[in-house]
Undergrad: 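Submitted below is the structure of interest, expressed as structure tokens.
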2 protein chains.
Amino acid sequence: MHVYGMEAGTYCIAGRLRMLARLITGRYNEAFAAEGVTFAQAGLLMRIFAQPGIRQNVLARQLQIEKSAMSRDVQLLQKNGWLTDNRRKGLFLTEAGTILAKRCHKRWKVLNAQVHDELGAEVVDGLTLLSEKMIPIP
Amino acid sequence: MHVYGMEAGTYCIAGRLRMLARLITGRYNEAFAAEGVTFAQAGLLMRIFAQPGIRQNVLARQLQIEKSAMSRDVQLLQKNGWLTDNRRKGLFLTEAGTILAKRCHKRWKVLNAQVHDELGAEVVDGLTLLSEKMIPIP
DNA sequence: TACCAAAAGTTGTATATGCAACTTTATAGA
DNA sequence: TCTATAAAGTTGCATATACAACTTTTGGTA
């Protein structure tokens with residue numbers, strides 16, 4: 001077997017996904033940094049805005065993240081005064097949280113369009129379909 | 001504005017990518033666990049097999065991970081006796097490392113085909129093209 | 001109401017990763 | 001050869017995440 005026999009085959013799709021995820025996450029984080037939040041925080045704020053009263057476990061399922069990670073993220077939002085203090089009855093934004101969610105949404109729209117262009121509609125649509133297929137209850 | 005006005009728009013492509021990356025990474029890790037290595041370690045072993053003498057910084061660029069993360073991953077491989085001890089002259093596999101790389105490659109082939117089927121050729125090809133476009137020097 | 005089991009949420013621990021500062025190695029030019 | 005600079009590699013630190021154990025809440029039933 002010659003030296004390069006394995007080369008063409010050694011990529012892992014997982015690696016590709018992770019690499020792209022890192023790059024794109026960086027872009028989102030840069031954009032949301034202007035609002036003083038991370039990509040993850042902005043995403044949560046926007047989702048809670050859209051689905052007030054949503055439970056952590058539902059969000060965790062939608063976003064496919066650990067409930068423990070969700071718990072900590074939510075605690076952070078509350079510490080910043082963006083959530084009401086009745087967390088365990090469902091998640092609701094405060095005034096400040098609502099304002100911030102709207103500001104994030106504006107930035108999101110611009111950036112998402114950019115990224116959509118860069119990645120190409122096929123890939124994005126493919127990813128979207130996959131996500132929907134893989135999430136039990138969106 | 002009604003409550004669900006923002007809902008359709010709150011997903012972030014970054015989130016989709018990260019979610020899928022988590023899911024798929026889990027699959028690879030499960031498969032490689034039978035060889036006692038993680039997905040990341042297996043990937044490195046296979047790449048060093050294919051490109052003996054490669055430098056850490058080149059690998060880091062190819063995989064788009066931090067050079068610091070690469071340094072630590074490489075140290076781990078060496079601690080396990082899979083790399084020769086001339087790390088700074090380029091990376092070379094030991095006998096044990098070579099054997100393991102080949103075993104990993106067998107598993108990789110099976111799993112990659114499975115994942116390829118599940119995700120669909122369009123998405124995988126799309127991701128592959130993107131990766132190649134985004135990596136400065138493959 | 002009282003109790004039990006399941007679901008939801010929290011916390012501890014280990015590991016992974018990004019960023020920045022630092023050290024070591026390589027390279028070009030006097 | 002010697003030196004200055006850049007490149008490569010390492011380490012420290014902060015944060016993110018997975019997994020597991022634990023606590024709290026919920027919902028059904030006697």
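Quick note: numbers below take in every heavy atom, side chains included, and nothing from hydrogens, waters or symmetry partners. In the text below, chain A, chain B and the rest are named by the order of the sequence lines, each starting its count at 1. A quick note: this is a predicted structure, and the numbers were derived from the prediction, not measured.
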Undergrad: Rounded to whole angstroms, how far apart are CD1 on B:I65 and P on C:dG18?
TA: 8 Å
Undergrad: Rounded to the Å, how far apart are B:L59 CG and D:dA8 C1'?
TA: 13 Å
Undergrad: Considering only C:dA8, C:dT25, D:dT11, which nucleotide approaches the side chain of A:R88 most closely?
TA: C:dA8
Undergrad: On the nucleotide C:dT17, are OP1 or OP2 found under 4.0 Å from the side-chain N or O atoms that A:R18 carries?
TA: yes
Undergrad: As an exercise, state the distance from CG of B:N57 to NZ of B:K67, rounded to the nearest 0.5 Å.
TA: 9.0 Å
Undergrad: Expressed in angstrom and rounded to an integer, what is the separation of A:L63 atom CG from D:dA16 atom P?
TA: 15 Å
Undergrad: If the cut-off is 4.0 Å, is B:K89 near the phosphate of C:dA26, judged by side-chain N/O to OP1 or OP2?
TA: yes
Undergrad: 5'-most contact on DNA chain D: B:S68 or A:E66, nearest heavy atom basis?
TA: B:S68
Undergrad: Does any non-hydrogen side-chain atom of A:L23 lie less than 4.5 Å from one of B:L17?
TA: no
Undergrad: To the nearest angstrom, how far is A:D73 atom CG from D:dA16 atom P?
TA: 7 Å
Undergrad: Between atom CG in B:L44 and atom P in D:dG9, what is the gap in whole Å?
TA: 13 Å
Undergrad: For the CZ atom of B:R88 and the CZ atom of B:R55, what is their distance to the nearest 0.5 Å?
TA: 9.0 Å
Undergrad: Side chain of A:R22: nearest nucleotide among C:dG18, D:dA8, D:dC19?
TA: C:dG18
Undergrad: Just N and O in the side chain of A:Q56: are any of them under 4.0 Å from OP1 or OP2 of C:dA7?
TA: no
Undergrad: Write down the distance between NZ (A:K79) and P (D:dT15), rounded to a whole number of angstrom.
TA: 10 Å
Undergrad: So, is A:R87 near the phosphate of C:dG9, with a side-chain N or O under 4.0 Å from OP1 or OP2?
TA: no
Undergrad: In this structure, how many angstroms lie between the C1' atom of C:dG18 and the CD1 atom of A:I24, rounded?
TA: 17 Å
Undergrad: According to a strict under-4.0 Å criterion, is A:Q75 in side-chain N/O contact with OP1 or OP2 of C:dG9?
TA: no
Undergrad: Hey, does B:L91 have a side-chain heavy atom less than 4.5 Å from the side chain of B:L59?
TA: yes
Undergrad: Could you tell me whether A:R72 contacts a base, only the sugar-phosphate backbone, or nothing, with contacts defined as non-hydrogen atoms closer than 4.0 Å?
TA: base
Undergrad: What's the CE-C1' distance between B:M70 and D:dT11, to the nearest Å?
TA: 17 Å
Undergrad: Measuring from atom CD of B:E118 to atom CZ of B:R27, what distance do you get when rounded to the nearest 0.5 angstrom?
TA: 4.0 Å
Undergrad: Under 4.0 Å: is that the gap between some side-chain N or O of B:R55 and OP1 or OP2 of D:dA8?
TA: no
Undergrad: With respect to the phosphate group of C:dG9, does any side-chain polar atom (N or O) of A:N57 fall under 4.0 Å of OP1 or OP2?
TA: yes
